[in-house]
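Structure first, then comments.
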Amino acid sequence: MNDDIAATVGLLQRRLGAPPAIAVLLGTGWAPFAEQVQDAVDLPYAELPAFPRLGVGGHSGLVRAGRVGRAPVLVLGGRKHAYETGEADGMKGAVRSLAAWGVKLLLQTNAAGSLEAAMPPGSLMLVSDHLNLSQRSPLFGEPGDGRFIDMGDAYSATLRSQARAIAAQQGTPLHEGVYAWFLGPQFETPAEIRMAGRLGAQAVGMSTVPETILARHAGLRVLALSLMTNMAAGLQAEALSHAHTLATAQAASARAVALLAALVQGLEV
Ligand code: HPA
């Protein structure tokens with residue numbers, strides 16, 4: 001364990017006590033979930049040496065510990081994206097600190113573009129698998145045989161099945177599909193979207209995949225939820241923009257947040 005991670009784990013232990021089983025990583029549009037957390041204790045990323053300094057607006061840059069109902073949870077208010085630096089390992093220290101502290105599941109959220117007419121903006125999708133189209137890895141330079149991790153069940157099939165049952169119980173429509181990671185920060189071209197569709201993607205986005213790789217390498221289980229904020233390039237008349245992504249996410253966030261709260265309380269990790 002490097003010094004930053006050891007210091008971060010020490011701080012998490014001292015300030016927050018025992019680790020919750022679930023850490024929720026909030027992506028674009030999912031910030032209102034943090035308001036569901038009761039008995040909240042906040043720690044800025046800036047106080048945690050292994051955590052990144054954040055760039056993109058709309059992310060709180062806070063770690064929030066507390067509970068949803070009776071379930072303890074840790075909420076991470078935002079990621080460092082690979083499009084900010086060209087490096088995919090911006091969340092390495094954070095993910096490794098969570099694992100070393102004792103967290104078991106990284107429950108990721110993101111905003112994504114949809115490739116499926118049946119999954120319009122506002123829809124929710126459980127990520128079943130991913131396409132790492134960037135071919136970047138946060139494990140570049142990692143020594144030893146431990147870097148050759150199995151990615152066959154990256155998004156736990158067992159937990160996905162629980163998640164589908166919880167969504168059905170709640171009456172929340174939940175799609176499931178493959179998320180293709182484009183590095184960004186520019187949106188995709190229509191030709192890139194046609195390619196992603198032929199390769200088997202149902203959704204595209206600029207995040208999540210590096211953290212999934214890091215989490216699997218650190219021994220965490222992973223689930224990921226995508227909120228569709230637009231039809232992908234070439235599939236809608238309007239031009240794509242970050243402002244549009246944020247506006248659609250905001251409009252759809254109540255249902256997204258309710259599902260997330262039910263998952264935190266219902267998943268058996
Ligand atoms: N492409 C990439 N990332 C995204 C999109 C998209 O269409 N929508 C929200 N995040």
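First listed ligand is number 1; within each ligand, the first listed atom is number 1.
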Examine distances only and state if a side-chain atom of [X] and a backbone atom of [Y] form a donor-acceptor pair shorter than 3.5 Å.
X	Y	result
Gln135	Asn132	yes
Glu84	His81	yes
Glu211	Thr208	yes

N or O contacts of ligand 1 with protein under 3.5 Å, please list pair by pair.
from     : atom 1 : to     : atom 2 : distance (Å)
ligand 1 : 1 (N)  : Glu188 : OE1    : 2.8
ligand 1 : 1 (N)  : Glu188 : OE2    : 3.3
ligand 1 : 7 (O)  : Asn230 : ND2    : 2.9
ligand 1 : 8 (N)  : Gly113 : N      : 3.4
ligand 1 : 8 (N)  : Thr229 : OG1    : 3.4
ligand 1 : 8 (N)  : Asn230 : OD1    : 2.7
ligand 1 : 10 (N) : Ala111 : O      : 3.4

- [ ] Before giving the answer on side chain to side chain donor-acceptor pair (under 3.5 Å), spell out for Gln170 and Thr172 the whole-Å C-alpha distance, their side-chain angles and the decisive distance to 0.1 Å.
- [x] CA-CA 5 Å; Gln170 202 182 35; Thr172 302; 3.0 Å; yes
Task: Glu116-His175 side chain donor-acceptor pair, cut-off 3.5 Å - done: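 No donor-acceptor contact under 3.5 Å links the two side chains.
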Task: Val204 vs Leu115 side-chain heavy atoms within contact, under 4.5 Å - done: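 The answer is yes, as the side chains (C-beta and beyond) meet within the 4.5 Å cut-off.
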